[in-house]
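For reference, the structure discussed in these notes is given below.
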There are 2 protein chains.
Amino acid sequence: MTEGEKKRRTPGRPRRLDPGAIVAAARRIIDEEGVDALSMRRVAKEVGSTPMALYHHVRDKDELLLLTLAGASNALPRPPLPESPRDRIITVAAHMHALLERVPWVLKVLVRGDLTDRQALWMAESIIDSAIAGGLGEEQAVHAYRTIWHFVYGDLIFRAARERRAADPDHRPSFPATLTEEDAKELPRLTALADRWEGMQRYDIVEQLTAVVDGLLSRAHR
Amino acid sequence: MTEGEKKRRTPGRPRRLDPGAIVAAARRIIDEEGVDALSMRRVAKEVGSTPMALYHHVRDKDELLLLTLAGASNALPRPPLPESPRDRIITVAAHMHALLERVPWVLKVLVRGDLTDRQALWMAESIIDSAIAGGLGEEQAVHAYRTIWHFVYGDLIFRAARERRAADPDHRPSFPATLTEEDAKELPRLTALADRWEGMQRYDIVEQLTAVVDGLLSRAHR
DNA sequence: ACCTGAACACCGTTCAAGT
DNA sequence: ACCTGAACACCGTTCAAGT
């Protein structure tokens with residue numbers, strides 16, 4: 001327990017509530033019952049305290065969520081990085097995707113803070129560095145990184161939504177069901193694809209990432 | 001007022017509440033005060049009724065939101081479509097982006113229902129059709145559409161988040177501020193970019209879309 | 001069929017007070 | 001400095017009853 005020499009604190013009252021315990025409780029609730037189950041009151045009960053005591057350790061609910069996320073970036077071991085810049089970008093992007101797929105509830109939080117957890121920065125570094133090695137300018141490389149990140153994020157959001165929908169027995173019918181006959185003329189492709197539509201929605205993320213990365217790298221000043 | 005011959009309804013009580021008025025009220029609230037201000041109670045007050053009366057016309061709050069979205073797809077005139085499949089995809093994707101940028105609050109709702117508003121389907125049709133014309137197989141074309149859509153979605157989410165952050169005076173400091181000296185070795189690129197980082201975050205959506213589309217079309221079996 | 005009132009089971013957060 | 005209790009100002013939704 002030598003995690004940073006406690007700096008002699010005695011003035012004031014001894015702390016009853018451990019910030020670590022608060023975060024741990026929050027993480028447990030989320031893991032077991034989903035983000036929607038997380039409330040300040042619920043966390044307080046879990047740690048045997050009152051809702052308001054928590055506000056002494058975290059600014060608000062958002063900050064608690066952000067703290068809960070920290071460390072999730074280590075859930076998977078870092079993948080070995082290939083030589084070629086192109087493959088390196090694809091590998092890291094796929095890793096980012098795999099990492100976040102395990103904790104889909106962070107997506108809501110992430111949007112407020114970007115992926116700037118200290119443990120996650122190596123991914124941005126690696127992608128940007130590889131993009132430059134692949135021939136992009138600095139600004140282009142940053143834009144490429146953001147494009148990849150936005151795509152990964154969008155993919156994950158819809159992935160999670162699809163799973164939620166699948167779990168929900170009486171979900172609203174969507175697209176193919178709502179096509180009428182008059183639509184057929186205006187929407188021939190969609191009409192033709194209607195019965196195969198559902199099965200076609202899933203793609204291989206690495207395949208799509210590869211296409212995106214190739215497109216981005218094709219902008220290199222050659 | 002000949003919008004679909006009222007089908008002689010008399011049995012039961014005459015309706016006091018107009019479904020159209022409910023949706024209109026919801027839209028007004030959202031436009032003026034943001035999605036977060038929308039509540040069933042608030043809408044009820046606006047139309048001079050009780051919260052529970054609303055449940056007679058919409059299944060739940062989600063459905064009300066979805067209804068509010070319908071029609072937003074017509075906010076912008078359809079752009080003229082270029083000849084080349086590639087340019088057609090880019091044009092339509094950019095239109096999709098521009099459309100949704102005006103109503104960022106729909107993003108939350110959209111994830112539950114996909115972009116399947118009747119008025120929005122022509123965009124999917126057009127992109128998929130163009131992708132096939134560009135040489136992709138049917139399934140590839142659908143995947144390309146989804147990839148574009150996920151990217152556009154992710155981009156919009158972060159765009160909205162950045163604006164919210166900019167509006168909030170005391171927002172938490174993120175990435176460049178949190179870099180320490182020891183990070184410099186592990187994260188040389190990010191360190192070097194740190195002071196130019198903020199200014200580099202904005203990209204031209206059409207430029208990035210072009211790269212993505214080119215990447216996707218490069219998968220055509222030639 | 002359509003609408004109401006009361007109630008259930010919650011929220012996040014502020015504020016004044018206690019130790 | 002740290003924690004508590006009560007309160008504020010809300011939520012979405014169910015349920016039983018009214019017209």
Side-chain angles (χ1 to χ4, degrees), chain A residues 6-23 25-26 29-30 32-68 105 108-109 112-113 164 168-172, chain B residues 6-23 25-26 29-30 32-68 105 108-109 112-113 164 168-172:
Chain A
K6 291 272 165 2
K7 287 234 171 75
R8 159 184 13 182
R9 37 144 71 248
T10 331
R13 190 164 151 180
R15 62 208 297 123
R16 219 179 66 60
L17 222 45
D18 172 22
I22 296 176
V23 176
I29 293 169
I30 291 173
E32 286 167 15
E33 301 169 55
V35 226
D36 291 339
L38 187 81
S39 75
M40 298 305 268
R41 294 169 134 94
R42 181 66 204 286
V43 173
K45 197 185 289 179
E46 209 88 349
V47 297
S49 178
T50 64
M52 285 325 299
L54 304 181
Y55 282 88
H56 218 268
H57 300 94
V58 298
R59 152 137 78 151
D60 54 19
K61 196 186 173 186
D62 266 13
E63 189 172 290
L64 178 54
L65 272 167
L66 236 25
L67 289 172
T68 312
W105 52 266
K108 286 181 172 189
V109 193
R112 303 190 196 271
R164 263 201 312 278
D168 180 19
D170 47 47
H171 53 42
R172 275 166 266 273
Chain B
K6 289 273 161 10
K7 285 233 170 74
R8 159 186 13 182
R9 38 144 71 251
T10 332
R13 191 164 153 178
R15 62 205 299 122
R16 217 180 67 61
L17 222 45
D18 173 21
I22 296 176
V23 176
I29 293 168
I30 291 174
E32 285 166 16
E33 301 170 53
V35 225
D36 291 339
L38 187 81
S39 74
M40 298 304 269
R41 294 169 134 93
R42 181 67 203 286
V43 174
K45 197 184 288 178
E46 209 88 348
V47 297
S49 179
T50 64
M52 286 324 300
L54 304 182
Y55 283 88
H56 218 268
H57 299 95
V58 298
R59 152 136 79 150
D60 54 19
K61 196 187 173 185
D62 266 13
E63 189 171 291
L64 178 54
L65 272 167
L66 236 24
L67 289 172
T68 312
W105 51 266
K108 285 180 173 190
V109 194
R112 304 190 196 270
R164 262 201 313 277
D168 180 19
D170 48 47
H171 54 45
R172 273 166 267 273

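For clarity, every value in this text was computed on a predicted model and none was experimentally measured. Just so we're on the same page: letters track the sequence lines, and every chain starts at 1.
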### Message
By the 4.0 Å heavy-atom rule, please label Met52(A) as base, sugar-phosphate, or nothing.
### Response
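Base, at least one base heavy atom under 4.0 Å.
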### Query
So what does Leu38(A) touch, heavy atoms closer than 4.0 Å: a base, only the sugar-phosphate, or nothing?
sugar-phosphate
### Task
Look at the side chain of Asp60(A) and the backbone N and O of Glu63(A), then say whether any donor-acceptor pair between them is shorter than 3.5 Å.
yes
### Message
What's the gap between dC11(D) and dC8(C) when it is taken at their C1' atoms, as a whole Å value?
### Response
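Rounded to whole Å, the distance is 12 Å.
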### Message
Please report the distance separating the P of dC10(C) from the corresponding atom of dA9(D), rounded so that it comes out in whole Å.
### Response
22 Å
### Query
Counting side-chain heavy atoms from CB outward, which of dC11(D), dC3(D), dT13(C) is closest to His56(A)?
dC3(D)
### Message
Please pick, from dG12(D), dG12(C), dC3(D), the nucleotide with the shortest atom-to-atom distance to any side-chain atom of Ala53(A).
### Response
dC3(D)
### Task
Considering non-hydrogen atoms only, spot the tightest contact between Leu17(B) and Ala53(B) and give its length.
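Scanning both residues completely, I find the closest heavy atoms to be CD2-CB, 3.7 Å.
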### Task
Might you point out which heavy atoms bring Arg41(A) and Pro51(A) nearest each other, and give the distance in Å?
CG-CG, 3.9 Å
Compare side-chain N and O positions of [X] against OP1 and OP2 of [N] and report whether any pair is under 4.0 Å apart.
| X | N | value |
| --- | --- | --- |
| Thr50(A) | dC3(D) | no |
| His57(B) | dA1(C) | no |
| Ser49(A) | dT4(D) | yes |

### Query
Tell me, what's DNA chain D's dot-bracket, Watson-Crick or G-U with both distances under 3.5 Å, | for other-strand, [ ] crossing?
||.|||||...|||||.||
### Task
For Gly48(A) and for Arg41(A), locate the closest nucleotide of DNA chain D by heavy-atom distance; then report the residue assigned to the nucleotide nearer the 5' terminus.
Gly48(A)
